[in-house]
Peer 1: 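First the structure, then my questions, so here it is.
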Amino acid sequence: MVSFKFRKVRSTRLENRGFLAADWKKTETGREAKFYKLTRKGRKQLDAEAASWQRLIEGVGLILGIAERGAQ
């Protein structure tokens, strides 16, 4: 899984919902930082959100295609 640093406010909310798991680790510079991983529940939610956005994109594309054909 890819680890990454994330903004505290959003990450706390996502962590509380079970979408992220967090670990404290040392960075290359030696300071402690919190790193996050996407959980299975988080991956499932991400996939659902991506599918929802894809449906929206397709719907807007249909509308724009109809509008484009109507203008010709």
Peer 1: So, using side-chain contact (heavy atoms from CB on, under 4.5 Å) as the criterion, who are the partners of Thr29 when residues are at least two apart?
Peer 2: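 So Thr29 forms a side-chain contact (heavy atoms from CB on, under 4.5 Å) with Thr27, Arg31.
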Peer 1: Just jot down the side-chain contact (heavy atoms from CB on, under 4.5 Å) partners of Gln54, sequence neighbours excluded, or say none.
Peer 2: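 Gln54: side-chain contact (heavy atoms from CB on, under 4.5 Å) contacts with Ile57, Glu58.
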Peer 1: Give the table of side-chain donor-acceptor pairs shorter than 3.5 Å for residues 15-24, with sequence neighbours excluded, one pair per line with atom names and distance.
Peer 2:
unit_1, atom_1, unit_2, atom_2, d
Asn16, ND2, Thr12, O, 3.3

Peer 1: Drop me the distance from Lys44's NZ to Leu38's CG, to the nearest 0.5 angstrom.
Peer 2: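 Going from NZ on Lys44 over to CG on Leu38, the span is 13.5 Å.
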